[in-house]
Amino acid sequence: MSQESYARRQLSRRRFLGALSAAGAGAMGLGATAGLSGCSVGVDDGSVDLGGRNGLTMLNWADYLDVGDDGDPYYEGGTLDQLASDRLVRVDYVPGYTDNSEGFESLLESIAVSPPVYDIVVPTYWRAAELVNTSRAERLPIELIPNHVNIDPAYLTNSWDRGCRFQMPWQAGITGIVYDPAKFDTEITSVRDLFAPSLAGRVSLVAEMREAVGMVMLAFEDGDPSRPTSQGASAAYDRIQEAYFSSQFGPKINSGNLADLLGEGQIDAALAWSGDVSLLQADRPELQFLVPEEGAIQWFDTMVIPAGAANIAAAGVFMDFVYDPENAARITEWVGYMSPVLGVQEALMRRGGDSAALAQSPLLFPDGETRSRLFTWAGLDDLTLERQLDANYNRLGD
Amino acid sequence: MSTPAMLQRANTYLLVAIAIFAALSTLAGVLWSNAAQATADNTAPALIGTQRVYSRVAEANAEAAAAHLSIGAETLQEPSAQLSVQALRIVDRVNRNAYLVALEQATVEGEEVSASIGDDDQAHSAIQDVNLALVTFTGRIEAARALNLRAIPDADDELRAAIDVVASDIDPAIAVLNTEGGEKLERERKSGREVGWAALALGIVTVGGLLLLQRGLARRTNRVFNIPLVIATVCVVAVVALLISASTSRSGSLSSASAGGLDAIVTTSELQRSIYEFHSDLTLQVIDGDTRSLAESANFIDSGIATLRSGADSTRERAAADALAIRWERYRATADRISTSAGRNGAGAAAEFRDRGVPEFTGVNLAVESALSDNEIQFQNGVNAATDAVRLVPYVAVALLILAAISTVIGIQQRLGEYR
């Protein structure tokens, strides 16, 4: 991405998120922002003795950390630069995690060696659960992470890691519908609309099975993705498969192809991730992001220290640093996703200007009514079925 | 009596002593090992599981209350009509799902406690009481929900009754489980003590006998060392030392597990109960719309947290206690606001309770659970160390004492041979 693109993206994120807050209930059916926030604890820079191991390697998704105008994550005043100067920890940052299928397989290979290649990895929560449940995640050095108390309580109750003792959420997002209103005669309000025969070939689904199936469960099966049943998931998958066989959908959407598919006009609407949609505003400000009337899927990516990592203490210091609300706010401003850190909204408001406008964004700080319409896929009891659906879904559209 | 006759008699006495010493050592080792294993397999998991049951029940209760309050009159389009499945799914879904998950986890943990208890009738009775109370609790919650959806005022009474079930039925049963578990741990810690002392005493007597024999032989033969008898003596001394070491190590590990782990678990679980009772009081305030000071309960919790912090004996435990203190302060501040507004702005208090109070209580509850988890690890480590300390005692004791017996026979036969 060119320097100009990075600079434009910064503006586009703010404009997109600010526009959403101005539109309010229009495109998203959202009410006034009254998100959960709480007082938070910033941590005085403690002199943590890392025994000389003050470097770490981190694998993350692309576009998931603030960068300078030239795309450099180590730019002056950025998160990594501040971490180096405040906490004396250097991060070898690798924005190379591509997806939770092949990308996760590569991740597993990289952490199977001793010591693991990475000290922090950031898979999506259900993959993180797999790491925790198979003892491939290190216990967090809580004593080095005082800002652990700033984790939003909503993330503490996962059955696979109650209290977040093995992982700390990085960012959360919403899978909703992105579309160009100019290309449609009627307003799109539901995932059901994406199945209309008149839209055959002009719409796409997101690459993650759990999100696609979950959305279809909401729209057609009256199901609850936060307590999915095998029957409901199978019925939703069958509907998707049938639609693919009748050429209803185009290529699946991932982080890398959304801009191309929409930009080239191959598709006019898709399931997509909230933060990624904001990237497109630089070139396509007319695009709308919608939380469907039946609800949407919420997910989160989360930081895990692979078991046997060489720099656990440094990893803990990094986690503590990014959970300081001021640092978390900087990241949120850039990536445009929901922060799991308490106090970020207040930090943005304190900054004033565009930052304060972001603090009012219902996309970043959904109110109670919106949150009640967000569902997090909780996993099927039948793990074999879930893996099978995953494999089958990945083959659809090939 | 002739010297050969005395040697034969000494041979017999020493072999009998070694045999009995071997039997007692083995028995002591087996008793200690079995007791340590019972602690590791049954007592410890039951104690730890008991705290988890309570934590899940507290969470289920909190979420059920939040779900209850989310179905207010203003959300009911037609108060007399049942909400559609779609609307119902939306209105209280988040809290309802959290309640269902917590309830399931409480039930599963209860079953695991049942499986861990072993043959303690009183503990079995207590966990059955918990399971029965959970059924009653669930019934009350469902009744409250059904009435609430129809905007029938009795709904609040059902919710109050559900909260009472926890206080009147589950609380006492948990206390019984904790008491029984603590007593069982103490019994297991003392298990094999008398046999151990007897073995030790006999071991010392046997060493004394061997030394006396060697002294006597040295005077008669002017040979200081009878090598086989020296070997026999070393073996018996080694077994005595092994018994002392294993016993001390086991006792020390269990004491450490008890003091550093179990006591901390009990203290933390009492704190958890206090915090839950505070939240229950707040819930009732919001439902009843009255203003009542919760300062006394809050101050009690403050001192409990301070005790936890001062008792922390590792940086990790201190960090967990600090985190608990911070989350508690946040929740307390929210609770104070809700409490003071409950009387004059019921709807606002209910909304803040649901949107902030319950999540922050969840944060506190899980912070307590995290502190408990660290204590549990310390407890488990102590128990495992006790098990490891005694595992090999029976085998090593028998092997060494067989060698001692053989060496004794050889040593005495050597001397007897000189008379032939």
Side-chain angles (χ1 to χ4, degrees), chain A residues 29 34-41 43 48 139-159 161-166 217-219 222-228 293-295 298 316 320 342-343 366-376 378-379 381, chain B residues 52 55-56 59 63 70 75 84-86 89-98 100-102 104-105 108 312 314-320 322-331 333-334 351-352 354-374 377:
Chain A
L36 174 69
S37 62
C39 61
S40 57
V41 176
V43 178
V48 177
R139 275 176 86 209
L140 297 181
I142 304 291
E143 60 275 22
L144 299 177
I145 316 175
N147 283 328
H148 191 276
V149 295
N150 293 338
I151 299 177
D152 187 320
Y155 299 96
L156 295 175
T157 57
N158 296 297
S159 60
D161 185 22
R162 285 175 64 86
C164 286
R165 301 172 66 75
F166 289 88
M217 282 176 72
L218 284 169
D222 204 27
D224 182 351
S226 61
R227 292 179 66 79
E293 60 191 17
E294 64 270 11
Q298 182 179 340
D320 185 64
L342 295 175
D367 61 6
E369 195 277 333
T370 306
R371 282 201 303 277
S372 72
R373 294 164 63 234
L374 298 179
F375 299 75
T376 301
D381 289 339
Chain B
R52 290 200 183 128
S55 176
R56 304 299 193 267
E59 196 174 311
E63 295 293 348
S70 69
T75 68
S84 68
V85 172
Q86 183 85 1
R89 192 180 70 189
I90 295 298
V91 165
D92 69 344
R93 176 186 58 83
V94 174
N95 298 116
R96 170 96 176 142
N97 282 349
L100 289 171
V101 169
E104 280 170 17
Q105 290 173 347
V108 167
S314 71
T315 50
R316 191 176 179 91
E317 277 188 35
R318 271 191 292 279
D322 288 343
L324 171 57
I326 291 168
R327 288 205 183 263
W328 160 247
E329 280 307 316
R330 286 179 191 158
Y331 170 62
T334 300
E352 188 166 15
R354 189 186 61 239
D355 291 342
R356 289 187 67 146
V358 168
E360 286 176 0
F361 167 73
T362 302
V364 176
N365 196 35
L366 284 164
V368 173
E369 204 173 298
S370 293
L372 266 172
S373 184
D374 286 330
I377 290 171

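The chains referred to below are lettered A, B, ... by the order of the sequence lines, with proteins before strands, and numbering in each begins at 1. Heavy atoms only: backbone and side chains are in, while hydrogens, waters and symmetry mates are out.
Gly363(B) approaches Leu156(A) most closely through the heavy-atom pair CA-CD1, 3.8 Å. Nearest heavy-atom pair, Glu59(B) versus Thr157(A), reported as atom, atom and distance to 0.1 Å: OE2-CG2, 4.0 Å. In this structure, Leu100(B) and Arg227(A) approach most closely via the heavy-atom pair CB-NH1, 3.7 Å.
Taking chain A as the reference chain and counting heavy-atom pairs below 4.5 Å, the highest number among Thr362(B), Val358(B), Leu366(B) is found for Leu366(B). Taking chain A as the reference chain and counting heavy-atom pairs below 4.5 Å, the highest number among Leu324(B), Asn97(B), Asn365(B) is found for Asn97(B).
The CZ atom of Arg96(B) sits 11.5 Å away from the CG atom of Asp224(A) when rounded to the nearest 0.5 Å. A distance of 7.5 Å separates OG1 in Thr315(B) from CG in Leu144(A), rounded to the nearest 0.5 Å.
Looking at Ser159(A), the atoms closer than 4.5 Å to chain B (heavy atoms on both sides) sit in the backbone and in the side chain alike. Heavy atoms of Arg52(B) lying under 4.5 Å from chain A are absent altogether. Proximity to chain A (any heavy atom under 4.5 Å) is restricted, for Glu104(B), to the side chain, taken from C-beta onward. Proximity to chain B involves both the backbone and the side chain of Ile151(A), based on heavy atoms less than 4.5 angstrom apart. When heavy atoms are compared at a cutoff of 4.5 Å, Val364(B) does not approach chain A at all.
Residues Arg327(B) and Asn150(A) are not in side-chain contact: their nearest non-hydrogen atoms beyond the backbone lie 4.5 Å or more apart. Within the 4.5 Å cutoff, the side chain of Arg162(A) has heavy atoms near those of the Glu369(B) side chain.
With respect to Glu143(A), the side chain to side chain contact (heavy atoms under 4.5 Å, CB included) criterion is satisfied by exactly one of Glu317(B), Arg318(B), Arg316(B): Arg316(B).
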